[in-house]
Protein chains: 2
Amino acid sequence: MRNFHNYKVMVTLQPDTEKQFLKDYNPNDFDRPSTAVDSVIYSVFDDELHVLIVKRANHPFRDYWSLVGGYVDLQNDTDLIDTAMRKLIEKTGVKTPYLEQFNTIGNKTRDPRGWSITTVYFALLPVDSITLEAGHGAQDIKWAKLTNGKVKEKLAFDHDAILKACTKRLRDKVLYTSLPIHLMPEKFTLNGLQRVYEIIIDNKIDHKSFRRRLLNADILEETGEMQKTGRRPAMLYKLKKSNETFFFLRNLEGSQ
Amino acid sequence: MRNFHNYKVMVTLQPDTEKQFLKDYNPNDFDRPSTAVDSVIYSVFDDELHVLIVKRANHPFRDYWSLVGGYVDLQNDTDLIDTAMRKLIEKTGVKTPYLEQFNTIGNKTRDPRGWSITTVYFALLPVDSITLEAGHGAQDIKWAKLTNGKVKEKLAFDHDAILKACTKRLRDKVLYTSLPIHLMPEKFTLNGLQRVYEIIIDNKIDHKSFRRRLLNADILEETGEMQKTGRRPAMLYKLKKSNETFFFLRNLEGSQ
DNA sequence: AGAATAGTGTCTGTAAGACATTATGAC
DNA sequence: GTCATAATGTCTTACAGACACTATTCT
């Protein structure tokens, strides 16, 4: 280790107590990057994976579609997930979404205004119980069909890349967790759940394997009710009380 | 969707072009949280998992130990990993660390100065080729032994919680990846690598299983050289060219 | 020879994949 | 009855765990 002769000098230039230091502290002494939160909000319906996008009413990228996001409100948000939750409720009205942090991107170039950081969350919403709400700076809002991690709309900022990476993460995680249950209504059939798995991983899963896997996980319980649409009625299951995501020890490998 | 009568008014109050908007833009119009990057720097030696900590020279939490971190330098860092890399080189001199983003924590309370965000990376360093460098605002720097995700030193801010969560993530990920290879010198024995796995997951692994797993992954190649310490010499392996982390389809389950 | 570490052989157990079969309802 | 969807039976395959065994060096 090096020896700093001027060490004492450096220290005595500082206030002696933390209290004094905090009193003198000015948050504008150093430039800070802008800090946003963006959410990739997924839902599965019509046999397709969809993502919620909003049309930007303001510059930059005015009139482009983008992920649902906004700036941290230093007065009203107590933490980052608060910001994500607030924006999500504003746009969808859903109050108890599954929200998970995906990644944080921060660099000089992603926003023309300069250094900016965004923390990306993803949300899983069941189809039912969503009512889209326009306004709040968004000219429009809609579900966009996802194919191969992409939507046909050109998105603002680096949102195309974020969406692609996040969708890959979702797919990878679906191979070893029970995440897709969060995309289902409260009561659902095993075959319904399997279809959602298959849509996300874009691959067929063996019927028997899938049932074994989920039933052995011991996270579902029969409701006693049956779904009577289609031919033979199917058992309706629901998630057991212990609400957490289940992690399987082995990945689904995908047929063929 | 709702109908906003006053919608047009809102829009026309904005500049018409993105160019004009950017010209008028003032980054200080809104308060921003402070934005840091902290790294959990791991290394395994003396049959223990260690983490690098530095003693804080400045308020707040002066004289507390903390993770290696610092603020984003808007002039010189082009992205967040740049900031992490720069701090890591400053402290250890290591230029090609394995660095992976772990998580971002942002809230009102973690820093007494107010709303602050930190993006946490973790680094894996081989024991060899590390020279600790003091200075740069740190009075001291050292490797702290990790037991159960904790160090005996009381850390600044929420670094105890970050360290614990990050170490859990590391452990979990070691169960299904080849991550620990990044903790090894260029040439290493399979038994040496196994010991590092065992130290991180804090569990024994069956010898035969481990060799099968790593050799079948086809990510290692024999160097032809032997390690001559101990009794029977052991084959020295190195990572094949394709440098990426291997993901196994099944987790290690831990003996007993 | 004996100790210590490196490395193999081989059996068991578990859960995924494949796919044939049976069950239950609508028509 | 036929059709469609729900659900089971059961064989194969892949790979982790257990553990006995052999191999190579040192003293």
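Quick caveat, the model's predicted, so the values are computed rather than measured. These numbers come from the heavy atoms of this one structure, side chains and all, not from hydrogens, waters or symmetry mates. Labels below follow one simple rule: chain letters A, B, ... track the order of the sequence lines, proteins then strands, and each chain is numbered from 1.
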Whole-Å distance separating the [atom1] atom of [X] from the [atom2] atom of [N]:
X	N	atom1	atom2	result
Met226(B)	dT5(C)	CE	P	16 Å
Leu193(B)	dG7(C)	CG	P	13 Å
Asn251(B)	dA15(C)	CG	C1'	13 Å
Met235(A)	dT24(C)	CE	C1'	13 Å
Leu190(B)	dA6(C)	CG	C1'	10 Å
Phe210(A)	dT8(D)	CZ	P	14 Å
Gln194(B)	dG7(C)	CD	P	11 Å
Asp206(B)	dA20(D)	CG	C1'	11 Å

Contact list for DNA chain D against residues 211-220 of chain B - heavy-atom distance below 4.0 Å: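 Correct list: Arg212(B), Arg213(B).
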Cation-pi geometry met for Arg213(B) and Phe248(B) (6.0 Å, 45°):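 Yes, Arg213(B) lies over the aromatic ring of Phe248(B).
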Lys142(B) NZ/CZ over Trp65(B) ring centroid, <6.0 Å and within 45° of normal: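 Geometry flag: set, cation within 6.0 Å and 45°.
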Donor-acceptor pair under 3.5 Å, Lys208(B) side chain vs dG9(C) base: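 Answer is yes: a donor-acceptor pair is held.
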Pairwise salt bridge (charged side-chain N to carboxylate O under 4.0 Å, His left out) hits with a residue in residues 223-232 of chain B, at least two apart: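 Sorted pair list: Lys187(B)-Glu225(B).
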Side-chain donor/acceptor of Arg171(A) to backbone N/O of Ile201(A), under 3.5 Å: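 Present.
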N/O donor to acceptor pairs below 3.5 angstrom from side-chain atoms of residues 233-240 of chain A, sequence neighbours left out:
unit_1    : atom_1 : unit_2    : atom_2 : d
Lys240(A) : NZ     : Asp218(A) : OD1    : 2.8

Ring centre gap for Tyr121(B) and Phe102(B) strictly below 6.0 Å: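 No, ring centres 6.0 Å or more apart.
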For the student: nearest non-hydrogen atoms of Pro185(A) and Pro126(A), plus distance: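 That would be N-CB, 4.1 Å.
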All ring-ring contact (aromatic ring centres under 6.0 Å, His included) counterparts of Phe45(A), not counting sequence neighbours: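 With neighbours one apart ignored, the set is His50(A), Trp143(A).
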Within the sub-3.5 Å range, which N or O atoms of nucleotides 22-24 of chain D have a protein N or O partner, and how far apart are they?
unit_1  : atom_1 : unit_2    : atom_2 : d
dA23(D) : N3     : Arg232(B) : NH1    : 2.7
dT24(D) : O4'    : Arg232(B) : NE     : 3.4

Non-neighbouring partners of Ser43(B) that pass side chain to side chain donor-acceptor pair (under 3.5 Å), sequence neighbours left out: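 Per chain and number, Ser43(B) pairs via side chain to side chain donor-acceptor pair (under 3.5 Å) with no residue.
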Nearest to side-chain heavy atoms of Asn191(A), which nucleotide of dG17(C), dA6(C), dA6(D):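 Among the listed nucleotides, the one closest to the side chain of Asn191(A) is dA6(D).
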Side chain of His207(A) (C-beta onward), nearest among dA7(D), dG7(C), dC19(D):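 Among dA7(D), dG7(C), dC19(D), the one nearest the side chain of His207(A) is dA7(D).
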